[in-house]
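A short write-up of the structure that comes next.
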Amino acid sequence: MQLITSITEMQQLADKTRNLGYKIGVVPTMGYLHEGHLSLIRLAKQNSDFVITTIFVNPTQFAPNEDFEQYPRDLNRDLAMCQAEEVDVVFAPETSAMYNSNFLTYVNVEKITSKLEGKFRPTHFRGVTTVVAKLFNITKPHIAVFGQKDAQQALVIKKMVKDLNFDIQILIGPTVRETDGLAMSSRNVYLKNDERKNATILYQSLKFAETEILNGETDIEKIKSTMEKMILEKKIFTIDYISFNDAETLDDLSIAHPNKSILISLAVRTGTVRLIDNIMVKR
Ligand code: AMP
């Protein structure tokens, strides 16, 4: 496995790899890897010949009041995990190489970025699409793998790829969870013991909603208000949103129609930590 930090070196190796006829798969991450990331690396391996994992805590997707500085980092641990997964290249650039002092260009997907996460993090997706577009131009992949854990991000990236004609196939891997249901996240390390214990309510509330819909309940407000109660009963969470949206257009839904994929997503805060999770349901 090779560690590359230079953009030019990465581009040259990507060209060489393509010229040899190999299919490149990229897995963009912010590091502090966990089983969720590793599952995406495995999916990339199954669908390509040469896997690049990028590790870059991207400043432009954090607002000034967010946790960019505190975001957990451990490159050596990440490298060992990538090595064990037989990743071919880890691309881990310096911030100054990705964003020089003259940086002026951003990629912005409109409309679907202004709801859900975008409502609470207005500059977040602009940072995500900008860095992903850059990483695509640097790693030159045939396929790129993202996680369903960040469902809106997956939709936004697919839209960018379609609208800007990136010749890249986007694969989405399922959310990997701890045994008690909590979605794995690099940010889970911030959780104090009682917060970690109570965080299982998020997935439980999503599963409750799923069961209600599969049993024929169509009144979304009713389901939502029970979910709210379940979460607030724990006393340690505030809710940013619980939302039911069309899984493709992200249109808000008030009725659960059969044969329609519904994205049920939520974001909550406890202490200094913000957690998101989602589930896709179709009756
Ligand atoms: P991050 O390092 O948090 O930016 O995530 C990098 C990629 O891993 C994104 O495509 C995420 O959606 C994905 N990811 C994060 N957590 C999980 C998880 N628990 N299961 C599957 N994919 C995940």
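Just follow the structure's listing: the first ligand is 1, and inside any ligand the first atom is 1.
Sorted by first and then second residue, the ring-ring contact (aromatic ring centres under 6.0 Å, His included) pairs involving residues 228-251 (not counting sequence neighbours) are Phe120-Tyr241. The stretch residues 137-187 participates, sequence neighbours left out, in these ring-ring contact (aromatic ring centres under 6.0 Å, His included) pairs: Phe136-Phe166.
No continuous path of ILVMFWY side-chain contacts below 4.5 Å connects Val189 to Ile55, so the two sit in separate hydrophobic clusters. Taking hydrophobic clusters as Ile, Leu, Val, Met, Phe, Trp and Tyr residues chained together by side-chain heavy-atom distances below 4.5 Å, Val57 does not share a cluster with Ile4.
Remark: Arg73 does not engage Asp78 in a salt bridge, criterion side-chain N to carboxylate O under 4.0 Å.
The immediate protein surroundings of ligand 1, defined as residues with any heavy atom under 4.0 Å of it, consist of Pro28, Thr29, Met30, His34, Gly36, His37, Leu40, Tyr71, Phe146, Gly147, Lys149, Asp150, Gln153, Pro174, Thr175, Val176, Met184.
In this structure Asp251 satisfies the salt bridge (charged side-chain N to carboxylate O under 4.0 Å, His left out) test with no other residue, sequence neighbours excluded.
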